[in-house]
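Residue numbers start at 1 and run along the sequence shown.
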Amino acid sequence: MASATPKEIARELPPLLRVYTDGTVERFLGSPFVPPSLEDPETLVSSKDIVISENPSISARVYLPKLNDRKEKLPILVYFHGGAFCLESAFSVLHQRYLNIIASQANVLVVSVEYRLAPEHPLPAAYEDSWEALKWVTSHSSNDTENSEPWLINRGDFNRFYIGGDTVGANIAHNALLRAGGGSGTLLGGVKIAGAVLAFPLFWGSKPVLEEPVEGHEESSAMQVWRFVYPDAPGGIDNPLINPLAPGAPSLATLGCPKVLIFVAGKDDLRDRGVWYYDAVKESGWQGDVELVRVEGEEHCFQIYHPETENSKSMISRIASFFV
């Protein structure tokens with residue numbers, strides 16, 4: 001019996017994924033999917049999956065901590081997961097575990113957005129999906145939505161409305177802040193963003209900053225990822241979506257919230273870029289409060305992979321105290 005003809009590779013992004021000429025995509029990294037839970041045995045947080053839009057396909061997993069007061073209203077966190085715009089999911093075991101902890105310790109209602117991934121859906125799809133998800137969530141403030149979610153209506157406090165994410169999710173949150181604050185987009189119901197948590201944000205550019213090495217900059221993982229997920233990006237790696245200080249980028253003074261909390265990790269290749277972003281926000285004339293938390297000796301997104309460590313517990317506690 002003749003062996004099957006090997007599929008031909010069209011392009012790839014080692015070690016993350018490979019695209020074949022027949023259009024199929026093979027992903028080599030990423031955590032498995034898990035179902036939501038009526039009551040997580042460790043945190044007592046309940047979760048469920050919801051559909052935000054059929055076309056385009058946008059969904060979310062919503063987390064509700066256990067409440068003693070049936071009338072209590074909770075802060076809302078809209079969360080965007082990481083994964084280089086091409087991996088991971090709101091439904092993955094890593095994010096289920098992490099957001100159960102966040103919802104429980106912060107006593108916050110979490111909406112974790114499932115945006116479309118590249119390369120099947122190149123950027124800017126993830127940005128547009130995430131903005132549509134934000135508008136859908138805020139529409140509940142006036143109950144002005146067709147497919148409404150009772151947890152948001154009955155439990156959500158839209159005067160304490162936050163956004164955030166890790167790595168590319170933090171990048172998405174940053175760009176949503178600019179959209180909300182700069183007049184290019186309006187959230188429904190007159191809702192204002194109370195603050196944003198940007199953990200290990202993915203920003204990059206054609207020139208190294210601070211202590212980033214000059215040698216190898218063109219071949220950096222951030223550069224390779226951006227070229228792969230947004231191959232026709234105007235300006236390439238200096239597109240304002242990835243380089244917030246690129247020519248023509250919106251002013252950071254227009255960030256649409258009163259406070260931002262940024263985390264960087266000592267062993268993360270994105271560390272210097274996060275510090276550079278923090279400095280740029282401080283110098284922009286923005287009227288809000290920005291705080292930088294440096295966690296030395298840790299890797300990229302350590303608190304998601306190892307939430308049981310002392311550094312992870314400290315970081316999660318700091319995030320929880322942000323939602324007031």
* With the 4.5 Å side-chain cut-off for hydrophobic clustering, are Leu109 and Phe161 part of the same group? -> yes

* **Sub-4.5 Å side-chain heavy-atom contact between Val225 and Val168** => no

* Using the rule that two of Ile, Leu, Val, Met, Phe, Trp, Tyr join whenever any of their side-chain heavy atoms come within less than 4.5 Å, decide whether Trp131 and Tyr79 are in one cluster. => no

* **Results of side-chain contact (heavy atoms from CB on, under 4.5 Å) for Glu296 - residues two or more places apart only** => Arg294

* Structure fact -> Across all chains, not counting sequence neighbours, the ring-ring contact (aromatic ring centres under 6.0 Å, His included) partners of Tyr162 are Phe322, Phe323

* Side-chain hydrophobic cluster, 4.5 Å single linkage: members besides Val214 -> none

* Structure fact -> The side-chain contact (heavy atoms from CB on, under 4.5 Å) partners of Ser206 (sequence neighbours excluded) come to Ile237, Asp238

* Carboxylate-amine/guanidinium contact Glu218 Arg227, below 4.0 Å -> yes

* **Check: Asp40/Thr43 side-chain N/O donor and acceptor closer than 3.5 Å** => yes

* Asked: Any side-chain heavy-atom pair from Glu88 and Ser31 closer than 4.5 angstrom?
  -> yes

* Taking atom types as modelled and ignoring hydrogens, do the side chains of Thr309 and Asn311 form a donor-acceptor contact shorter than 3.5 angstrom? -> no

* All pairs passing side-chain hydrogen bond (donor to acceptor under 3.5 Å, both in side chains) where residues 100-112 contributes a residue, at least two apart -> Glu72-Asn107

* To do: Please answer whether the main-chain N or O of Thr167 pairs with a side-chain N or O of Asn171 as donor and acceptor at a distance below 3.5 Å.
  => no

* Would Leu87 and Ile58 show up in the same hydrophobic cluster when neighbours are defined by side-chain heavy atoms closer than 4.5 Å? -> yes

* Same cluster (ILVMFWY, side-chain, under 4.5 Å), Val111 and Leu67 -> yes

* Asked: Under 3.5 Å, is there a donor-acceptor pair between the side chain of Glu132 and the main chain of Asp129?
  -> no

* To do: Just grab all the side-chain hydrogen bond (donor to acceptor under 3.5 Å, both in side chains) pairs involving residues 261-270, residues at least two apart or on different chains.
  => Asp268-His300

* Asked: Does the side chain of Gln224 come within less than 4.5 Å of Ser221's, by heavy atoms?
  -> no

* Asked: Between the main-chain N or O of Gly236 and the side-chain N or O of Trp226, is there a donor-acceptor pair closer than 3.5 Å?
  -> yes

* Asked: Residues two or more places apart in sequence or in another chain: which of them pass ring-ring contact (aromatic ring centres under 6.0 Å, His included) with Phe158?
  -> none

* May I ask you to decide if Ser46's main-chain N or O and Ser37's side chain share a donor-acceptor pair within less than 3.5 Å? => no

* **Test item: Arg97 side-chain N/O and Ile304 main-chain N/O as donor-acceptor pair under 3.5 Å** => yes

* Same apolar cluster: Val293 and Val324, side chain cutoff 4.5 Å -> yes

* Tell me, please, which residues at least two apart from Ala126 pass side-chain contact (heavy atoms from CB on, under 4.5 Å). => Phe85, Tyr115, Leu123, Ile172

* **Exceeds 12 heavy-atom contacts within 6.0 angstrom, atom NZ of Lys259** => yes

* Asked: Is Arg27 paired with Glu120 through a side-chain N to carboxylate O contact shorter than 4.0 Å?
  -> yes

* Pairs satisfying ring-ring contact (aromatic ring centres under 6.0 Å, His included), at least one member in residues 247-281, at least two apart -> His174-Tyr277, Phe203-Tyr277

* Counting only heavy atoms not in Glu8, do more than 12 sit closer than 6.0 Å to its CD atom? -> no

* Atom CG of Asn68: over 12 foreign heavy atoms under 6.0 Å -> no

* Side-chain cluster (under 4.5 Å, hydrophobic types only) that Tyr20 belongs to, other residues -> Ile9

* With sequence neighbours excluded, tell me which residues meet ring-ring contact (aromatic ring centres under 6.0 Å, His included) with His306. => none

* Salt-bridged, Glu149 to Lys48, with N to O below 4.0 Å? -> yes

* Hydrophobic side-chain clustering at under 4.5 Å (ILVMFWY, transitive links): who's grouped with Phe91? Put none if nobody. => Phe33

